[in-house]
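Taking it in order: structure first as structure tokens, then the write-up.
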Amino acid sequence: GPTAADPASTATAAQTPEATIESQQQAVPSESSSAISPKLLTASKLTVFVGAGCSLMPPTSLPSWNQINKAVLRALADRAGEALEQKARVVDQEFTDRCYDAVVQQLANYDLPPEYFSEVLVKRLGDYYFNVLSVLDSASPNQVHHIIALLAKAGMVEAVVTTNFDLCCETALQAAGVDHEVWSTHTDYNIERLAEGSVNCPVIKVHGSADQVHTVIDTLSQRAVGLAGPVNDSLRHMLTQSRWLFLGYSGADLAAAPEYLCLRSMKQDALGFTWLVRQGEEPLQAVQDLAAAYSGKADIDYGELPAYLGPLEQVARDKLAQLPSGVDGEPEQPSSPAPAPKSLEDRVSAWGGHLWPAEAAVALADLLAASKASDLAIELLERRYEHARTMDAEHAPASIEAHRQIVGVAWLASTLGLLKQRAGQPTDAKDLCEAALQLTDSLPELTDELLHNDQVLEVDEEHAMLRDIGAPEATLIRSQEIRAQCHQLLAEIVRTAAKEEGTFDQAKNLFQAGYQEFKHLPPSARSLRGQATCLMGVGDVMRVQLDPTDSQQVEVCLQHYSDVAQLAIDIGDLPLEALAYKNQGIVYKAWAESANDEGQTAKQAADHYNKALKVHERIGDGVEVVKSLRGLAGLYLDASDPTTAREYARKSCDLAAQVGYRAGEARALRVLGDVASFENNFDEAIGLIQQSLVIIEELNDQSVARGYFAMAKIAKKQENIQQAKEFALKALEVFESLGEARHVKKLAEFLESVS
């Protein structure tokens, strides 16, 4: 299948064969080709890596991600407007067309990348989404696949490795009479047999296979986790056994994850590779860097498929010609033409038809929200929810259909609640979440039947039951997810209000309830992320109320963040991992101020800030890099190292100005002022902090209190007690309004010291 992480077009040199399929479909293979690498012709055997560019020519002619996503979007929009029994429309066609157009526009601009489109739908529809990828199950190999099969028949191929979902490689091998094995599930991989040479021509499908949709790797979360251990073990083995030939693959995965496919870590032991790039284009920088790392063992060839393979094809034919009579390289031809397949639109429409309208509506609303069209998403859900509230269940109360219908209404309510919260309407959001929880409370029969004694619902290894969106297990999981998400959202609402209403304990209890609900779900990236975000919420609530002199309280808070970091690593969520490290650093920093351990706690704080910094630098998040640099500056200043503190603060300030993060620039200026004050350069300190306050007050940023406090401390050093009191009182007022108990306590102590 096409690789979602690649760029959207081939308009520039960096946008290469796998970028999007429709652009390549226009590039009919030419008869010309550059000279093939001599190392390929002399290699004893090859591992052929087959990318999406190999499945473009007829009769394979795979659809592009853009074509697939537009078909999915059309199916969702049509179903979202229908009544349950498809006899009438609840939402008029004109409105659902507007919804469709809003998302299509984002797809066209690449503001909603293909891989994020699928990520959004998997988060909502779970494993059912993957059923739609059966449209990539083409078993009609083209000339490229047949040439690869010919090479295999001649004994020139050690293995075929592919990121494609289609069945073309194995179909071509079968037609050529080549003994082979297809490895697409974890249980298929057998490194022992591979090492002893008892596997003939394995077809290693690293992203899974369209005929086994539970194996498919298609979303950002899946890619971030990386390939499974047995897959990587097999790839590492093949790299040491044969030269690799990359066909129709841009290597964009390497730009996002340099260690993808184990290529970089195996540069010493691998036999090398040849990478085919289309004529007139340049390889991605990640490919160039990889070739350089292989120190003469890698070649980059330029040519067009299938003409580029001509010399290898001739070698294979010569080898086969020397075999006994009757053995040749021509593939078997089918005895009769295959029936014409259904159109892409028909197949995707059938997939959409299995959804109930409420289910399609929430999925469409998620895509609208991701497309910066939240107003349309809210209007769509309000129309459907209003209709659902006026309808009695259309099925027997105890039936799974009735349960599914109730859960669908709860889904509408909880999703609408989330959008209302984001739109600044917390009261409506709270009412909708409570309504959703009340609806799911009405499903005891389903829960009692499938889930006993608070155990996690067990699902089969292939998740077949979850790919059936109408299955009781899938309905129960949606119900539990709704409850978990509602508890999480209610916790966020209560936490926001807690600063004024003092409801921190209620917020913590709601986060803990959400965590327990997520724990009861089958382990998946979604349920683990839910656990992590709820634990983060518990930790954040504790941090606001933290008494840094209470070591037990501090250690519990740190453990929550440590658990979040591990869950984030498990699901490959780098931003969440970095945030957990940073929050640990903040807690350690607060603890260090009261600890008497010769700087060990402060060192722990610096270590965690540095961990966060490295992750943020890896993902290129300039704003968070600014924050981490500033945090390190503060730590070194607390450790009486103004030189290092100034270095970090200056880096933070300069980067903030570079990325346009004005609040970050102001805060870094304040830290620079603190450094100058530490060195008794009061005029410089006042000037820097005043620059900071001008920006902060202009932005109406809540960190203004820290600036006031900094000015108060300078005034105290200058023995201007009246001015110190005035600034301290200003800071105290802001911190009290924010519910920042720790800073309120520090201000109270400061005011007492100047009274």
Side-chain angles (χ1 to χ4, degrees), residues 123-124 362 366 369 374 410-441 454 477-521 524-546 553 556-568 571 573 575-577 579-580 582-584 586-587 702 737-742:
K123 283 182 178 179
R124 176 58 66 182
V362 291
D366 288 345
S374 293
W411 226 1
L412 289 169
S414 62
T415 308
L416 186 53
L418 176 61
L419 293 173
K420 292 279 191 177
Q421 167 71 355
R422 291 175 182 170
Q425 302 173 47
T427 302
D428 288 349
K430 185 171 181 288
D431 291 343
L432 286 159
C433 284
E434 289 173 347
L437 287 171
Q438 187 175 0
L439 283 163
T440 56
D441 281 340
D454 291 331
I477 285 175
R478 286 200 300 281
S479 174
Q480 286 192 282
E481 282 183 338
I482 289 166
R483 295 188 62 79
Q485 290 161 359
C486 284
H487 281 125
Q488 182 183 346
L489 182 55
L490 285 169
E492 296 286 357
I493 294 169
V494 171
R495 180 173 64 173
T496 302
K499 294 170 182 177
E500 296 180 0
E501 301 173 9
T503 51
F504 286 110
D505 288 343
Q506 184 185 355
K508 186 168 74 171
N509 291 339
L510 286 165
F511 276 125
Q512 289 172 332
Y515 171 71
Q516 292 299 327
E517 294 281 2
F518 279 119
K519 277 194 73 174
H520 288 161
L521 292 165
S524 69
R526 286 191 301 164
S527 62
L528 294 177
R529 181 175 286 104
Q531 291 177 44
T533 52
C534 285
L535 279 178
M536 181 73 83
V538 174
D540 289 348
V541 171
M542 291 188 67
R543 181 161 56 86
V544 171
Q545 300 176 292
L546 192 67
Q553 188 184 129
V556 171
C557 186
L558 287 170
Q559 186 59 54
H560 281 309
Y561 287 138
S562 179
D563 292 343
V564 171
Q566 186 55 58
L567 286 165
I571 60 176
D573 191 327
L576 187 62
E577 179 188 352
L579 181 58
K582 187 184 81 169
N583 286 348
Q584 283 178 292
I586 292 170
V587 174
Q702 293 175 336
S737 71
L738 296 174
E740 297 279 1
R742 184 166 63 89

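Starting from 1, each residue takes its place in the sequence as its number.
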> Checking side-chain contact (heavy atoms from CB on, under 4.5 Å) against L528, which of L567, T533, L521 comes through?
Replying inline: L567

>> Using modelled atom types and a 3.5 Å cut-off, is there a donor and acceptor pairing between side-chain atoms of T415 and backbone atoms of L412?
In response: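 Side chain of T415 to backbone of L412: no pair is present.
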
>> I'd like to know if the side chain of Y561 reaches the main chain of D540, judged simply by a donor and an acceptor atom lying under 3.5 Å from each other, with no hydrogens or angles considered.
In response: yes

>> Quick one, F504 with V544, criterion side chain to side chain contact (heavy atoms under 4.5 Å, CB included). Give me CA distance, side-chain angles, the key distance, then yes/no.
In response: CA-CA 9 Å; F504 286 110; V544 171; 3.7 Å; yes

> Stepwise, does the side chain to side chain contact (heavy atoms under 4.5 Å, CB included) test hold for K123 with D366?
Replying inline: CA-CA 9 Å; K123 283 182 178 179; D366 288 345; over 6 Å; no

Quick one: pull up [atom1] in [X] and [atom2] in [Y] and give me the separation to the nearest 0.5 Å.
| X | Y | atom1 | atom2 | value |
| --- | --- | --- | --- | --- |
| K508 | H560 | NZ | NE2 | 7.0 Å |
| L439 | I482 | CG | CD1 | 8.5 Å |
| I493 | K430 | CD1 | NZ | 8.0 Å |
| C534 | Q485 | SG | CD | 9.5 Å |
| Q438 | C486 | CD | SG | 12.0 Å |
| D563 | L558 | CG | CG | 11.0 Å |

> Should R495 and L510 be marked as a side chain to side chain contact (heavy atoms under 4.5 Å, CB included) after you check the CA-CA gap, both sets of side-chain angles, and the distance that decides it?
Replying inline: CA-CA 10 Å; R495 180 173 64 173; L510 286 165; over 6 Å; no

Testing the basics here: between [X] and [Y], what is the closest heavy-atom pair and its distance to 0.1 Å?
| X | Y | result |
| --- | --- | --- |
| H520 | Q480 | CB-NE2, 3.3 Å |
| A413 | L432 | O-CB, 3.4 Å |
| Q488 | F511 | O-CE2, 4.0 Å |
| A568 | E577 | CB-N, 3.5 Å |
| G417 | L489 | C-CD2, 3.7 Å |
| A532 | V564 | O-CG2, 3.4 Å |

>> A side-chain contact here means heavy atoms from C-beta on lying under 4.5 Å apart; do L579 and N583 qualify?
In response: yes

> So, do H487 and L437 sit near enough that their side-chain heavy atoms are less than 4.5 Å apart?
Replying inline: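 Result yes, sub-4.5 Å side-chain heavy-atom pair found.
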
>> What verdict does the salt bridge (Lys or Arg N to Asp or Glu O under 4.0 Å) test give for R529 and D573, after you've listed the backbone C-alpha separation in whole Å, the side-chain angles of each residue and the deciding distance to 0.1 Å?
In response: CA-CA 8 Å; R529 181 175 286 104; D573 191 327; 3.1 Å; yes

> When you check the gap from the basic side-chain N to the acidic O, do R478 and E481 get nearer than 4.0 Å?
Replying inline: no

>> Go through it in stages, so that I can follow the logic: the residues are R483 and D441, the test is side chain to side chain contact (heavy atoms under 4.5 Å, CB included), and I'd like the CA-CA distance, side-chain angles, deciding distance and then a yes or no.
In response: CA-CA 9 Å; R483 295 188 62 79; D441 281 340; 2.7 Å; yes

